[in-house]
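Read through the structure below, which is laid out as structure tokens, and then see the notes.
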Amino acid sequence: MTTGILNIAKSLNISVTPICFDSIGYDNIGRIKNQNFEIYIGKEIYISDIDSDVLNIKKFFKQTLNRFEKQKYI
């Protein structure tokens, strides 16, 4: 994950809101499978320490994508 937007947000003292989009699953001939598709919007974050905030945002994405994967074909 690059930190460009986090550096800009910190210098302008504005918040960043992480948004996680689910992936779309296809079958072997390219048709879209019957599935759940989710978009999750996280809490807004004011950047104080770029290194720790990057880790928190990565954790958010990892946990959210794992949740999406578990609920994909229910």
Side-chain angles (χ1 to χ4, degrees):
M1 181 173 171
T2 60
T3 59
I5 195 69
L6 301 179
N7 285 317
I8 294 169
K10 184 177 180 179
S11 66
L12 296 176
N13 197 27
I14 57 176
S15 65
V16 174
T17 304
I19 302 174
C20 189
F21 294 90
D22 196 1
S23 63
I24 298 175
Y26 297 94
D27 65 6
N28 56 356
I29 59 172
R31 295 179 298 184
I32 297 174
K33 297 178 181 180
N34 188 16
Q35 60 195 292
N36 296 318
F37 181 81
E38 298 183 66
I39 299 172
Y40 187 78
I41 301 172
K43 296 179 182 178
E44 70 177 347
I45 302 168
Y46 282 94
I47 306 301
S48 57
D49 179 34
I50 292 176
D51 293 331
S52 67
D53 290 332
V54 165
L55 294 176
N56 290 336
I57 293 171
K58 281 184 181 183
K59 184 178 176 183
F60 163 79
F61 282 120
K62 186 180 281 190
Q63 289 174 346
T64 305
L65 290 172
N66 285 337
R67 194 188 82 214
F68 288 168
E69 186 177 332
K70 291 177 185 175
Q71 298 175 357
K72 187 73 170 165
Y73 297 106
I74 294 177

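Note that the structure is predicted; figures quoted are calculated from it, not measured.
To the nearest 0.5 Å, atom CG of residue D22 and atom CG of residue L65 are 7.5 Å apart. Here NZ of K70 is found 6.5 Å from CG of N66. Values are rounded to the nearest 0.5 Å. I41 contributes atom CD1, which lies 11.0 Å from atom SG of C20 (distance to the nearest 0.5 angstrom). For the atom pair CG (N56) and CG (D51), the distance works out to 11.0 Å, reported to the nearest 0.5 Å. Atom CD1 of I19 sits about 12.0 Å away from atom OG1 of T64, to the nearest 0.5 Å.
In this structure, I5 is a member of the same hydrophobic cluster as I50, with clusters built from ILVMFWY side-chain heavy atoms closer than 4.5 Å. In this structure, F21 is a member of the same hydrophobic cluster as I24, with clusters built from ILVMFWY side-chain heavy atoms closer than 4.5 Å.
Counting heavy-atom neighbours within 6.0 Å of E38 CD, excluding the residue itself, gives a total above 12. Within 6.0 Å of OH in Y40 there are 12 or fewer heavy atoms belonging to other residues, nucleotides or ligands. Annotation: N36, atom CG; neighbour count of heavy atoms from other residues, nucleotides and ligands within 6.0 Å is above 12.
Shown here for A9 and V16, the closest heavy-atom pair between the two residues is CB-CG2, 3.4 Å. Nearest heavy-atom pair across Y73 and G25 is OH-CA, 3.8 Å. Shortest non-hydrogen contact noted between S48 and D53 is N-OD2, 3.0 Å. The heavy-atom pair separating Y26 from K33 by the smallest distance is O-CE, 3.3 Å. Here the shortest heavy-atom pairing between P18 and F61 reads CB-CZ, 4.3 Å.
For the pair K72 (side chain) and S23 (backbone), a donor-acceptor distance under 3.5 Å is present.
Residues I45 and I57 meet the side-chain proximity criterion, which asks for heavy atoms closer than 4.5 Å.
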